[in-house]
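A quick write-up on the structure given underneath.
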Amino acid sequence: MISLISYYVDLAIGLILAFLLLSLLVSGLNEGIVRLLGIRSKFLWAYLRDTLDGAETGEKASLFIRMLERLLDMLKGLGRRLRAPLIDLLPPSSEGRSRLPATVLGVFAKLPFGADPRPAFSPLPAPSVSPPLAAAPDSVAAEQAAPAADAGQAVQPDPAPAGAPAGAAPPAAGPAQAVPADGVGDGGVTAEIDPADPAHGADQADDEERASVTEPGQEDVAATAEAISEVAPPGEGKSMAELLHERLQEIDHSRRGKTSIADIPPARFAVALMEIATEHGGVEPLMRDLDQLKSPLYRPLKAVWDKANEDMEAFRRGVEEWFDGEMQRLSMLYKRYVRWVVALLSLIVTLVFSMDALEYGKTLLNDNAYRSAVTAFGQSGEDALKPFQDQCAPGQDTYTCVTDVLSTPAFVKIFTNAPVSVTMSSGDAGPQWEWHGGGWWDRLSSPGHWPGFLLTLVAVLFGAPFWWDMFRRVTGLKSRVTGSTKQ
């Protein structure tokens, strides 16, 4: 009975170690792909660009994309279903679109190989004086600001009358009409009539009254000019995301000329925002300009500011808590996309090693049975070697075969079913590579192995942390206790 229990314990440990090893391999491949393509850093800065700078404008779609969109429009209902996974590749609407991918294809196709949302790396520390705030060049705010800037340049003061001295003010035009003093209209002495005081003409107005008289619409122009005084035209300043990166670039390092920052502590984000607000003249001027740029940051920032009642410390804590919640939500979204890639990698690893969990479990039990038979060899004689006959090649010496079988435990055999295997010889010949493509394909195409492949795939999807915890429970290992112990 004790021997039977030992067999099953060994079986559990062997399966757990195999699944743990394959899960670690999948995790390593996934981490390597993420680091190579910079997906985690790009994912973070795509979110920051959306939150700080607003939606991006769409680039000119290629001929293939335009043809694909027409095809989806022609397919009616089926096209609407196919449009969802391809939405990141299709042209955006007139309102722009998010830089943060909305599909798995966008995360691992458009995000790594499309427009990089990360700011450019700078080896310099944060400057003492930052550039003015401006709309991001590729944002909808910048596209809308260009016509407004052109309209502002088009509004020029009327030229002074001919013959007037240099610097003379242009004639005022408004509700006050110039009429002849004699009422005849011959162009004689004229006087401007103030609608508020008809008896008080312009020739009797003092300097203060003349300064207070403005043309219709000049009040709006003056208010607009005052409102946009802190926002630079696109290309003449830096966007909010770039100003944030300036506060963080001291801990940055370059990756192909772009920032590699993939994680921003909430406390550091709050301090960086406070620094930007201080350089901008305060929180309220910054919020005013963010509102003008249609930045999505304006609404949460205003809510935190109103709740803080102009208490700067409470405002800093509120920004920190808000950003912490946003990072948790972003992490959940990232894991939701990555799990599909992990599933694909798990399937590839399972098929490459043609790991049949059911077959492997039987091999583990047989391995233990073989060892028990060899232990009893001294009492049973050569009859104890009969179970090894199936493991030996035709004509091979039985004792040599026993040595090979026992020196190759079942745990090592999980790699022998791959299309390519390598063996290390004891001499100076070095590693020897062997091709088993035919046998590997026979295993994949055999329906008898498919249930075992499916079981392996499901087991690997649980992940390395799960199987490491299971290994500790079965073997009785205890995790290392960190921190100070109680006296």
Side-chain angles (χ1 to χ4, degrees), residues 41 43-55 98-100 117-119 122 125-136 139-142 145 223-232 234 237-252 259 261-334:
S41 177
F43 198 82
L44 171 65
W45 284 100
Y47 162 80
L48 290 175
R49 289 280 192 183
D50 285 350
T51 305
L52 303 180
D53 298 338
S98 171
R99 297 174 182 83
L100 196 64
R118 299 176 297 176
S122 175
S128 57
V129 179
S130 296
L133 178 63
S139 65
V140 176
T224 303
E226 181 181 359
I228 64 175
S229 59
E230 298 296 335
V231 177
K238 286 192 174 183
S239 66
M240 191 66 183
E242 292 171 333
L243 293 179
L244 172 66
H245 179 253
E246 280 188 348
R247 305 291 104 194
L248 306 171
Q249 62 190 30
E250 293 179 349
I251 58 173
D252 193 11
T259 178
I261 295 177
D263 179 57
I264 301 177
R268 188 67 191 95
F269 177 85
V271 172
L273 187 64
M274 297 287 286
E275 294 174 358
I276 296 174
T278 300
E279 290 187 352
H280 213 72
V283 177
E284 292 185 351
L286 177 62
M287 289 195 301
R288 179 198 64 198
D289 294 337
L290 290 176
D291 184 28
Q292 180 191 342
L293 293 174
K294 307 302 180 188
S295 171
L297 181 63
Y298 168 74
R299 289 190 298 175
L301 205 63
K302 186 177 186 305
V304 174
W305 179 250
D306 293 342
K307 184 179 179 181
N309 292 324
E310 300 185 2
D311 184 351
M312 297 301 293
E313 179 61 23
F315 175 72
R316 185 195 63 80
R317 290 196 303 267
V319 171
E320 181 178 341
E321 293 174 359
W322 168 80
F323 189 73
D324 185 37
E326 290 295 294
M327 290 298 98
Q328 293 180 9
R329 184 178 66 87
L330 193 66
S331 298
M332 294 177 61
L333 182 62
Y334 178 78

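Keep in mind that this is a model prediction, so the values were computed, not measured.
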| Basic-acidic side-chain contact under 4.0 Å: Arg317, Glu313 | yes
| said: Rounded to the nearest 0.5 Å, what separates atom OH in Tyr334 from atom CZ in Phe43? | reply: 8.0 Å
| task | Step by step, work out the side chain to side chain contact (heavy atoms under 4.5 Å, CB included) result for Met240 and Leu133. | result | CA-CA 7 Å; Met240 191 66 183; Leu133 178 63; 4.2 Å; yes
| So, do Phe269 and Leu244 sit near enough that their side-chain heavy atoms are less than 4.5 Å apart? | yes
| field | Donor-acceptor pair, side chain of Arg316 and main chain of Ala270, under 3.5 angstrom | value | no
| Roughly how far, to the nearest 0.5 Å, is the NE2 atom of His245 from the CG atom of Leu243? | 11.5 Å
| message | I need the Asp289 CG to Gln292 CD distance, nearest 0.5 Å. | response | 6.0 Å
| said: Ring-plane angle category for Phe315 and Trp305, please: parallel below 30°, perpendicular beyond 60°, tilted otherwise. | reply: perpendicular
| Evaluation steps, side chain to side chain contact (heavy atoms under 4.5 Å, CB included), between Asp324 and Glu320 | CA-CA 6 Å; Asp324 185 37; Glu320 181 178 341; 5.6 Å; no
| note | Rounded to the nearest 0.5 Å, the CG atom of Leu44 sits from the CG atom of Leu100 at a distance of 10.0 Å
| field | Ser130 side chain reached by Glu275 side chain, heavy atoms, under 4.5 Å | value | no
| message | Please find the pair of heavy atoms, one from Pro296 and one from Pro300, that lie closest to each other, and give the distance. | response | O-CD, 3.1 Å
| said: With rounding to the nearest 0.5 angstrom, report the CG to CG distance, Asp291 to Leu297. | reply: 11.5 Å
| With a 4.5 Å limit on heavy-atom distance, are the side chains of Arg49 and Ser239 in contact? | yes
| request: Heavy atoms only: give me the nearest Lys302-Met287 pair and the separation to one decimal. | output: CA-SD, 3.6 Å
| remark: In short, Ile261 meets Ser41 closest at the heavy-atom pair O-OG, 3.0 Å
| Pairing residues for Glu242 by the salt bridge (charged side-chain N to carboxylate O under 4.0 Å, His left out) criterion, not counting sequence neighbours | none
| task | Check Ala241 against Leu52 and note the closest heavy-atom contact, atom names and distance. | result | CA-CD1, 3.7 Å
| Nearest heavy-atom neighbours spanning His280 and Leu286 | CD2-CA, 3.6 Å
| message | If you compare all heavy atoms of Pro266 against all heavy atoms of Phe323, which two are closest, and at what distance to 0.1 Å? | response | CA-CD2, 3.6 Å
| message | With heavy-atom distances below 4.5 Å as the criterion, would you say the side chains of Leu48 and Ile264 are in contact? | response | yes
| query | Would you say Glu246 and Pro131 make side-chain contact, with heavy atoms under 4.5 Å? | reply | yes
| said: Working to the nearest 0.5 angstrom, can you tell me the gap between Asp263 CG and Arg268 CZ? | reply: 13.0 Å
